[in-house]
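Here the structure is laid out as structure tokens; the discussion comes afterwards.
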Amino acid sequence: MRRIINLRPGRGGIVLWGALPFLMAAIAYAVASSTRLAANPNDKLLPHFESFVAAIARLALNPDPRTGDYLMWVDTLASLERLGLGLAVSTALALVLGVAVGLIPYIRAGLSPIIGVISMIPPMAVLPVLFIVFGLDELSKVVLIVFGVAPFLVRDLAIKVGDMPREQLIKAQTLGASTWQIVVRVVLPQMLPRLIDAVRLSLGPAWLFLISAEAIAATEGLGYRIFLVRRYMAMDVILPYVAWITLLAFLSDAGLRWINARFFPWLQAGKGQS
Amino acid sequence: MSRLSVRNVWKEYPGQVVLERLSLEIASGEFCALVGPSGCGKTTFLRMLLGEESPTRGTIELDGKPLVAEPGPDRGVVFQRYSVFPHLTVLQNVIIGREFERSPFLGKLFGAKRRAAEEEAEEVLNEVGLSAHRAKYPAELSGGMQQRLAISQALIRKPKVLLLDEPFGALDAGTKSQMYELLLRLWAEYKMSIFMVTHDLKEGFTLATRVLAFDKVRIDPQAPGAYGATVTYNLPLEDKIAAMAVA
């Protein structure tokens, strides 16, 4: 018998083993749901799969009788807009501040202590302040995402810029590069894929902050809807919404990974051989 | 022209003297090998020539002018590793020197200017035997090819002085001897001075016209950092210098 560390699943095996936990979770849910529904047909906690389909059809395919909006799309659009804006601002901040802090000693001396302190402030603790200062509408939600995500991105990028081999920066200087040219030709092109990876990691926190802000004060949005229907214990809406959010997050992660593979071929260069 | 004068140079760090009483006159176009045991300051000396570090005391002059205290295009460099840009192809790695020179804002050339730079780069790549690999990324090249790329990258700015920090330290014996032949050919062609740090004495004597041996002459067992190293032997290899003069 070979050691278990040397046994590898084949191509089909990988699909099978990967699908197994999903399948088991679905079966467990179906069993638990039908047991509860058998005992009490009006049970709301674990609705049947058909209830999900009905709820999604009601929210996504039929206009709301009161407002005439297709609620799920309005929610999705509102949430994605806030999330996209928050992440875009954070990424831009990270590019400017991260490169400056990582590369220029005077800026590092001046800014790295305060960035270190700001990144330790729990964003949710200052959410009331954000609501008071920026109002209850869009701006405060975007600011919360920026507040929660940007310090991590800035610090991560600054560390990665600082970790660049000294030899490369010296070499660029011996080729006559100015500081600006080093930034645009040497540092930025190598840091962009690293930054995209960091943004991928911060997608989770960004959604967390978005849904928290929407739960507290909003008139539409995926997080708002979940917390609204919670009052009626409408699990048939909450669970599909959670699955939808998960799918959106998964797709944006996959999209960012695709961007890295597509636009930065040198990352993979030489890895296929040897 | 690239005459180098080093006058009574010291390099001290807190609690440690690295180099002391260093005085040298190196004529233009010499090939100097800096040899000596580890930690004896030969790389520190190279970094001072590069402008990455400045001497604590004394002066270093290139052609009678004090060295600028930061790296510049008059001094090219090849390190043992990380000398090339991993995100650029071979050709892009070579033309980037011209792009820095001719495109101050974008650092990138387009159109006819780019074609001119590419033609020039192709010539250099031909000389080092890399033209077949011009579209590859450095990670796809062998160690010897990466070092040849690093050298051609430095050559495009036609530096007066080429500084090499153990450039062949990570290469196998066969590749090394090819690199020796290449380096000597380029040195004769570009008429630059070369300073090469190596821990391989044989390499030093094979290539150089002058071997500078670094070592500590004074040692205080109670305070190992009290005295620094200096050039203990300054050996001109007369027959090679004569050959150079004839050529």
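Quick caveat, the model's predicted, so the values are computed rather than measured. Below, chains carry the letters A, B, ... as their sequence lines are ordered, and counting in each starts from 1.
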Above 12 or not: heavy atoms from other molecules or residues under 6.0 Å from [atom1] of [X]?
| X | atom1 | answer |
| --- | --- | --- |
| A/Arg200 | CZ | yes |
| A/Ile114 | CD1 | no |
| A/Phe250 | CZ | no |
| B/Glu61 | CD | yes |

Please flag which part of A/Val184 lies under 4.5 Å from any non-hydrogen atom of chain B: side chain, backbone, both or neither.
-> side chain

Are any side-chain N or O atoms of [X] and backbone N or O atoms of [Y], one a donor and one an acceptor, separated by less than 3.5 Å?
| X | Y | answer |
| --- | --- | --- |
| B/Glu140 | A/Ala269 | no |
| A/Lys171 | B/Ala150 | yes |
| B/His87 | A/Met191 | no |

Distance (rounded to the nearest 0.5 Å) between A/Glu167 CD and B/Phe85 CZ | 11.5 Å

Gap between atom CD1 of A/Ile170 and atom CG of B/Asp165 - 0.5 Å precision | 11.0 Å

Using the test side-chain hydrogen bond (donor to acceptor under 3.5 Å, both in side chains), find all partners of B/Asp74 that sit at least two apart in sequence or belong to another chain.
-> none

Of all heavy-atom pairs between [X] and [Y], which one has the smallest distance, and what is that distance?
| X | Y | value |
| --- | --- | --- |
| A/Gln168 | B/Pro86 | NE2-CD, 3.3 Å |
| B/Pro71 | A/Thr174 | CB-CG2, 4.0 Å |
| A/Gln181 | B/Gly107 | NE2-CA, 4.2 Å |
| A/Arg166 | B/Arg47 | NH2-NH2, 3.6 Å |
| A/Arg185 | B/Leu88 | NH2-CD2, 3.7 Å |

Is it the side chain or the backbone of [X] that comes within 4.5 Å of chain A heavy atoms, both, or neither?
| X | value |
| --- | --- |
| B/Tyr82 | both |
| B/Arg98 | neither |
| B/Leu106 | backbone |
| B/Thr89 | neither |
| B/Gln80 | neither |

Which residue out of B/Lys108, B/Arg75, B/Glu52 racks up the most heavy-atom pairs below 4.5 Å with chain A?
-> B/Glu52

Looking only at A/Ser178, A/Ala172, A/Pro193, the option with the highest number of non-hydrogen pairs under 4.5 Å against chain B is A/Ala172

Throw together a table of side-chain donor-acceptor distances under 3.5 angstrom for residues 103-112 of chain A, partners on residues two or more places apart or in other chains.
| unit_1 | atom_1 | unit_2 | atom_2 | d |
| --- | --- | --- | --- | --- |
| A/Arg108 | NH1 | A/Val101 | O | 3.2 |
| A/Arg108 | NH1 | A/Gly102 | O | 2.9 |
| A/Ser112 | OG | A/Arg108 | O | 3.1 |

Mind checking which of residues 130-138 of chain B sit less than 4.5 Å from chain A, heavy atom to heavy atom?
->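 Counting heavy atoms that sit under 4.5 Å from chain A, the residues of residues 130-138 of chain B involved are B/Tyr137.
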
Within residues 112-129 of chain B, which positions have a heavy-atom distance to chain A below 4.5 Å?
-> none

